[in-house]
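The sequence lines fix the lettering, A, B, ..., with proteins before strands; numbering per chain opens at 1.
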Amino acid sequence: MSRSAYTTPPDSEQALLERARAIAGQRFAELAEQLGEPVPAEQRHAKGWIGQLLERALGASAASLPEPDFQQLGVELKSLPLNANGLPRESTYVCTVPMNETNQLRWERSWLRLKLQRVLWIPIEADPRLPLAQRCIGNALLWSPSPGQEAMLRDDWEELMELVCLGRWEELSARHGRYLQIRPKAAHSRVLTEAHDSEGNLCRILPRGFYLRTDFTRQILEQHYAG
DNA sequence: TACTGATCATTC
DNA sequence: GAATGATCAGTA
């Protein structure tokens with residue numbers, strides 16, 4: 001069955017899962033052709049290509065907005081690149097680290113928690129030895145954090161946000177956090193955003209983002225495909 | 001070889 | 001410039 005991109009978002013989780021099931025097992029050459037797009041020769045110059053292709057293929061609505069990808073459903077779409085052993089190959093970007101947001105002080109209202117309330121994970125074959133066009137799309141899984149997973153994320157988030165709120169930028173590195181980490185999130189290392197330092201003075205620092213470590217996303221896969 | 005810090009494309 | 005989508009690549 002061949003078709004083009006959806007122009008309307010799915011109206012239920014069930015409909016979204018059916019769309020995801022329809023592209024599972026396809027290679028990128030096939031999906032890209034259906035959507036009338038060339039497959040980039042080099043992923044180095046097309047880092048977000050897979051995510052954006054999947055958004056179009058499934059009818060996501062909020063590209064490049066600070067909203068869930070499927071606004072009506074409150075579902076976030078995440079591709080999950082897997083190495084040759086079927087394990088996550090990269091950490092997963094979640095959202096930016098708030099620099100001046102006073103409504104971000106509590107876990108319950110945090111962007112991170114909101115983003116991860118409901119996620120459609122799409123595993124992607126990402127063995128670097130395979131050309132991009134030949135890599136396969138996996139079976140999607142719709143996930144919400146278990147109480148245990150939410151507690152793990154909350155512990156890390158609170159530890160990290162303490163450093164953020166105290167303006168201790170020099171101490172903050174990707175080494176903090178068991179499952180969640182903070183890393184640069186910018187076009188390049190000269191990009192600066194406004195923040196406050198540990199003495200409360202305005203300063204300019206590299207923008208940061210929250211990332212899920214592969215240990216965490218591996219657990220999601222194990223939990224789902226165990227049974 | 002895994003991990004951290006740096007980087008790339010696109011849209012608004 | 002800042003948000004989205006991420007992966008690259010040097011080095012520990």
From CH2 of Trp49(A) across to P of dT11(B) the rounded distance in Å is 15 Å

For Ser189(A) and His176(A), take the nucleotide of DNA chain B holding the closest heavy atom to each; which residue's nucleotide lies nearer the 5' end?
-> His176(A)

To the nearest Å, give me how far apart CD (Glu67(A)) and C1' (dT11(B)) are.
-> 15 Å

Residue pairs meeting side chain to side chain donor-acceptor pair (under 3.5 Å), one or both in residues 137-149 of chain A, sequence neighbours left out, come to Arg118(A)-Ser144(A), Trp143(A)-Gln149(A), Ser146(A)-Gln149(A), Gln149(A)-Gln223(A)

Calculate the interatomic distance between Asp215(A) atom CG and dC3(B) atom C1'; express it in whole Å.
-> 12 Å

Rounded to the nearest angstrom, tell me the gap between atom CZ in Arg190(A) and atom C1' in dG5(B).
-> 14 Å

Scan Leu80(A) against the nucleic acid and name what it touches under 4.0 Å (heavy atoms): base, sugar-phosphate only, or nothing.
-> nothing

Select base, sugar-phosphate, or nothing to describe what Glu194(A) touches, counting heavy atoms under 4.0 Å on all strands.
-> nothing

Under the ring pair (Phe, Tyr, Trp, His ring centres under 6.0 Å) test, residues paired with Trp49(A) that sit two or more places apart = Phe28(A)

Grouping ILVMFWY residues whenever side-chain heavy atoms fall under 4.5 Å, the cluster of Tyr93(A) otherwise contains Tyr211(A)

Measure from the side-chain heavy atoms of His188(A) and tell me the nearest of dG5(C), dA6(B), dT7(B).
-> dT7(B)

Sorted by chain and number, sequence neighbours left out, side chain to side chain donor-acceptor pair (under 3.5 Å) with Arg154(A) holds for Glu108(A), Glu158(A)

Carboxylate-amine/guanidinium proximity below 4.0 Å for Asp127(A) and Arg129(A) | yes

Rounded off to whole Å, could you give me the CG-to-C1' distance for the Leu114(A) and dA3(C) pair?
-> 17 Å

CD1 of Ile205(A) versus C1' of dA2(C): gap in Å, rounded?
-> 14 Å

Side chain to side chain contact (heavy atoms under 4.5 Å, CB included) against Ala174(A), all qualifying residues, sequence neighbours excluded = Gln181(A), Arg183(A)

Does Arg175(A) or His45(A) map to a spot on DNA chain B nearer the 5' end, using the closest nucleotide for each?
-> Arg175(A)

Could you state the atom-to-atom distance from CD of Gln181(A) to P of dA6(B) in whole Å?
-> 13 Å

Residues Arg178(A), Asp215(A): salt bridge by 4.0 Å N-O rule | yes

Are any protein N/O atoms closer than 3.5 Å to N/O atoms in nucleotides 6-9 of chain C? If there are, list each pair with its distance.
from	atom 1	to	atom 2	distance (Å)
dA6(C)	OP1	Ser79(A)	N	3.1
dA6(C)	OP1	Ser79(A)	OG	3.0
dA6(C)	N6	Tyr211(A)	OH	3.0
dT7(C)	O2	Lys47(A)	NZ	3.0
dT7(C)	O4	Arg183(A)	NH2	3.4
dC8(C)	OP2	Arg89(A)	NH2	2.3
dC8(C)	O4'	Lys47(A)	NZ	3.3
dC8(C)	N4	Glu90(A)	OE1	3.3
dA9(C)	OP1	Arg44(A)	NE	3.0
dA9(C)	OP1	Arg44(A)	NH1	3.2

Side chain to side chain donor-acceptor pair (under 3.5 Å): which pairs involve residues 166-177 of chain A, sequence neighbours left out?
-> Arg168(A)-Glu171(A)

Of all residues at least two apart in sequence or in a different chain, which pass the side chain to side chain donor-acceptor pair (under 3.5 Å) check with Arg113(A)?
-> Glu150(A)

Near DNA chain C, under 4.0 Å by heavy atom, which residues of residues 158-169 of chain A?
-> none

Leu206(A) CG to dT4(B) P, in whole Å, measures 16 Å

